[in-house]
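As C-alpha cells, the structure follows; a few thoughts come after it.
Position 1 is the first residue of the sequence, and the numbers go up from there. It should be emphasised that the depicted structure is a prediction, and the values quoted were computed from it without experimental measurement.
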Amino acid sequence: MASHCFCSAGLLFTTSSSGIHTKVEEKWLGSFPLKRRNLVHLRLSNGIKTRAALNAADSKSVEIPRKWYNLTADLPVKPPPSLNPRTFEPVKPEDLSPLFPDELIKQEATSDRYIDIPDEVIDVYKLWRPTPLIRAKRLEKLLDTPARIYYKYEGVSPAGSHKPNSAVPQAYYNAKAGVKNVVTETGAGQWGSSLAFACSLFGLGCEVWQVRASYDQKPYRRLMMQTWGAKVHPSPSTITEAGKKILQINPSSPGSLGIAISEAVEIAAMNDDTKYCLGSVLNHVLLHQTVIGEECLKQMEAIGETPDIIVGCTGGGSNFAGLGFPFIREKLNGKINPVIIAVEPEACPSLTKGVYAYDYGDTAGMTPLMKMHTLGHDFVPDPIHAGGLRYHGMAPLISHVYELGLMEAISIPQTECFQGAIQFARTEGLIPAPEPTHAIAATIREALKCRETGEAKVILTAMCGHGHFDLPAYEKYLQGNMVDLSFSEERIKASLANIPQVVA
C-alpha cells in the first residue's frame with residue numbers, strides 16, 4: 001500500500017493511500033456586585049433572553065478581553081518542543097503548513113505574552129461574551145458548607161459550550177488565508193458543532209469525523225453540525241485509510257478522539273484547498289480559550305473575591321487551560337496562591353495514570369511527537385458519556401505545567417460525576433454537560449471538606465457547557481443503569497509499549 005508525504009521539509013505527516021426569568025439576587029449575583037438595578041439582557045444559547053441586573057459602574061470590568069494570553073512566556077522553564085517523528089528534530093513551521101494557516105502556526109510557536117484578538121473575532125464573540133460568573137448559593141445551602149462556590153458558565157454560546165472561543169478564530173484565520181474547506185474531529189460533538197457554527201459565519205466548508213460512540217449516543221449534536229452546514233462521519237469510517245485499518249482490526253470499534261484526528265489529518269494532508277482544525281491540545285487552541293480566565297479575573301476582582309481553589313475538567317485540556325492559565329500567571333507573579341485541580345475521568349486518566357513521554361497526538365501516528373502525559377496513542381478508552389474527555393493524552397503545555405508542580409490532578413468515576421450533576425441541576429437549575437460534571441463532583445468534594453474544617457474557602461469551577469443534548473446519559477443514570485468504566489492496567493501497558501522511544 002502506497003505511502004504519501006505531506007510536508008515540504010521532510011516526511012512528517014504520512015498515511016496510506018417559552019420566557020424564563022431568574023431572580024437576580026439568586027441567579028446572577030456572582031457575575032456583578034449589585035447595588036442598583038439597571039436591566040440588561042444576557043443572550044442564552046437557546047435564544048431565550050434572561051434579564052439580569054447590572055451595576056453600570058462595574059460594567060467596564062467585564063468587557064471582552066482584547067488579547068489572548070500565552071502562559072509559555074511566563075513559565076520558569078520552557079516546555080519541550082514538538083518533534084518531527086522522522087528526524088526527531090524540533091518541528092519547523094514548514095512542517096505544519098500542510099495542516100494549518102500561517103497565522104495559527106505562528107501562534108503555536110510564539111513566545112509573545114499576549115496576542116491581539118482580531119476585531120472580526122471580537123465581533124463574533126459579542127454574540128455571547130462576556131459569559132457570566134455565577135455564585136452557586138443554592139448548592140452551597142444544600143451542602144451546608146461555609147465555602148463560597150462560583151462557576152464560570154460557558155454554556156451561553158451558540159453551540160452551548162466553550163469551544164467557539166477557538167473555533168471562531170480558527171475559522172477566521174483559515175478564511176483569511178483563502179482556505180476553502182476545513183476538517184476536524186469531535187468527541188461529544190461540542191467542538192464539531194462549534195466549528196460548524198464558525199465556518200457558517202466565514203463561508204468555509206466543514207467536514208467532521210465524530211467518535212462513533214458519541215455519534216450514536218448524541219444524535220442532536222450531529223444534527224446541530226448538519227444544520228450549520230457540516231458533513232459528519234462516524235469515526236472510524238471507511239472513507240480514510242486510517243479508519244479502514246481500525247475497522248479491519250475491530251469492526252465494532254467505538255472509536256476515540258485519537259482515531260478521529262487521524263482521519264481528519266489524512267484528508268487535510270491530501271487536499272490543497274483543505275486545512276485541519278483541532279479543538280484542544282495544541283498551544284494555539286489553549287491560547288484562544290484564555291478569554292475565559294481573563295474575563296473571570298476581572299469579574300472576581302469586581303466582587304472582591306479571590307479563589308482559594310480552582311477546578312476544571314480535563315480531556316485534551318482546552319477548558320481547563322482557558323480558565324486556569326491566567327490565574328497561574330497571577331500565581332507566578334505572587335499575587336494569589338490558589339490550589340488548581342484538573343479533574344479527569346477514571347476511565348481515561350492520562351495525567352494521573354499516564355507517563356510523561358513523547359507520543360503521537362493521533363492513533364495512526366500522523367502527527368508530530370509531543371511531550372505529554374499519555375496512555376499511549378493506541379489506547380482506546382471505554383465509551384464513557386463524557387465523550388469530550390476520551391483522549392489518550394493531555395495537552396503538552398498542561399502536562400508541562402503539571403510537571404512543574406503548578407497544579408494538581410485527580411480522577412473521578414462517572415457515577416459520582418452524575419450524582420454531582422443532579423445535585424447541581426436541582427439547585428442551580430442548569431443541566432451540565434457530562435464533561436464539566438467531573439469539575440462539579442470535585443467542587444462538591446472540596447466544599448464538603450470545608451464543611452468538616454469550617455473553612456470559608458472560595459472555590460471557582462469551570463462550567464464549560466450545558467447538557468441539553470446529553471439527556472440520554474442522564475436517563476441512564478436516573479434509571480440506575482449507569483456503571484463505572486475503569487481502565488485496564490494490561491491495556492495501558494500494551495498501549496504504552498508502542499509509544500516511540502525518544503531520547504531526551
Between the main-chain N or O of [Y] and the side-chain N or O of [X], is there a donor-acceptor pair closer than 3.5 Å?
X	Y	result
T427	R138	no
S200	W228	no
E435	G465	no
S280	G317	yes
E207	N181	no
R222	Y215	yes
S262	G258	yes
H288	V285	no
T374	G376	yes
S214	Q217	no

What are the two closest heavy atoms between [X] and [Y], and how far apart are they?
X	Y	value
L99	A269	CD2-N, 4.2 Å
C417	T437	CB-OG1, 3.3 Å
A198	A167	CB-O, 3.4 Å
A177	P101	CB-CB, 4.0 Å
E346	S411	CA-CB, 3.9 Å
S193	A159	OG-CB, 4.0 Å

In Å and rounded to the nearest 0.5 Å, what is the [atom1] to [atom2] distance from [X] to [Y]?
X	Y	atom1	atom2	result
S161	N319	OG	CG	9.0 Å
D470	K476	CG	NZ	13.0 Å
F327	L297	CZ	CG	4.0 Å
F424	I431	CZ	CD1	11.0 Å
H377	T367	NE2	OG1	9.0 Å
T274	I267	OG1	CD1	8.5 Å

State, yes or no, whether a side-chain contact exists between [X] and [Y] at a heavy-atom distance under 4.5 Å.
X	Y	value
I117	V291	yes
Y474	I422	yes
E108	N283	yes
H162	L323	no
Y151	L139	no
S82	M370	yes
I122	K126	yes
K218	F469	no

[X] with [Y]: basic N within carboxylate O range, under 4.0 Å:
X	Y	value
E154	R129	yes
K137	E140	no
K106	D102	no

Does N481 have more than 12 heavy atoms from other residues, nucleotides or ligands lying within 6.0 Å of its CG?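 Check passes, neighbour count above 12.
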Take atom CZ in F202; do more than 12 heavy atoms of anything else shown fall under 6.0 Å from it?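 Enclosed.
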After noting the C-alpha distance and the side-chain angles of Y276 and E185, does the key distance pass the side chain to side chain contact (heavy atoms under 4.5 Å, CB included) rule? CA-CA 9 Å; Y276 170 65; E185 79 295 324; 2.5 Å; yes
Could you walk me through whether V124 and Y172 pass side chain to side chain contact (heavy atoms under 4.5 Å, CB included), step by step? CA-CA 10 Å; V124 180; Y172 165 75; over 6 Å; no
Can E294 and T290 be counted as having a side-chain donor-acceptor contact under 3.5 angstrom? no
Could you tell me if H373 and S350 have a donor-acceptor pair between their side chains, going purely by distance under 3.5 Å?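 No pair is found: no donor N or O on one side chain lies under 3.5 Å from an acceptor on the other.
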Evaluate the criterion side chain to side chain contact (heavy atoms under 4.5 Å, CB included) for residue pair S318 and S166; output intermediate values, then yes/no. CA-CA 9 Å; S318 64; S166 185; over 6 Å; no
Salt bridge (Lys or Arg N to Asp or Glu O under 4.0 Å) evaluation trace for K152 with E295: CA-CA 9 Å; K152 179 69 166 161; E295 274 182 13; 2.8 Å; yes
When the ring planes of [X] and [Y] are compared, do they come out parallel, tilted or perpendicular, using 30° and 60° as the limits?
X	Y	result
W128	F197	perpendicular
H466	H468	parallel
Y125	W68	perpendicular

Does the side chain to side chain contact (heavy atoms under 4.5 Å, CB included) test come out yes or no for L133 and M463, once each step is laid out? CA-CA 10 Å; L133 174 69; M463 221 307 231; over 6 Å; no
Applying side chain to side chain donor-acceptor pair (under 3.5 Å) between Y173 and each of E103, Q107, E120, H284, report the one that passes.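 Exactly one candidate clears the test, Q107.
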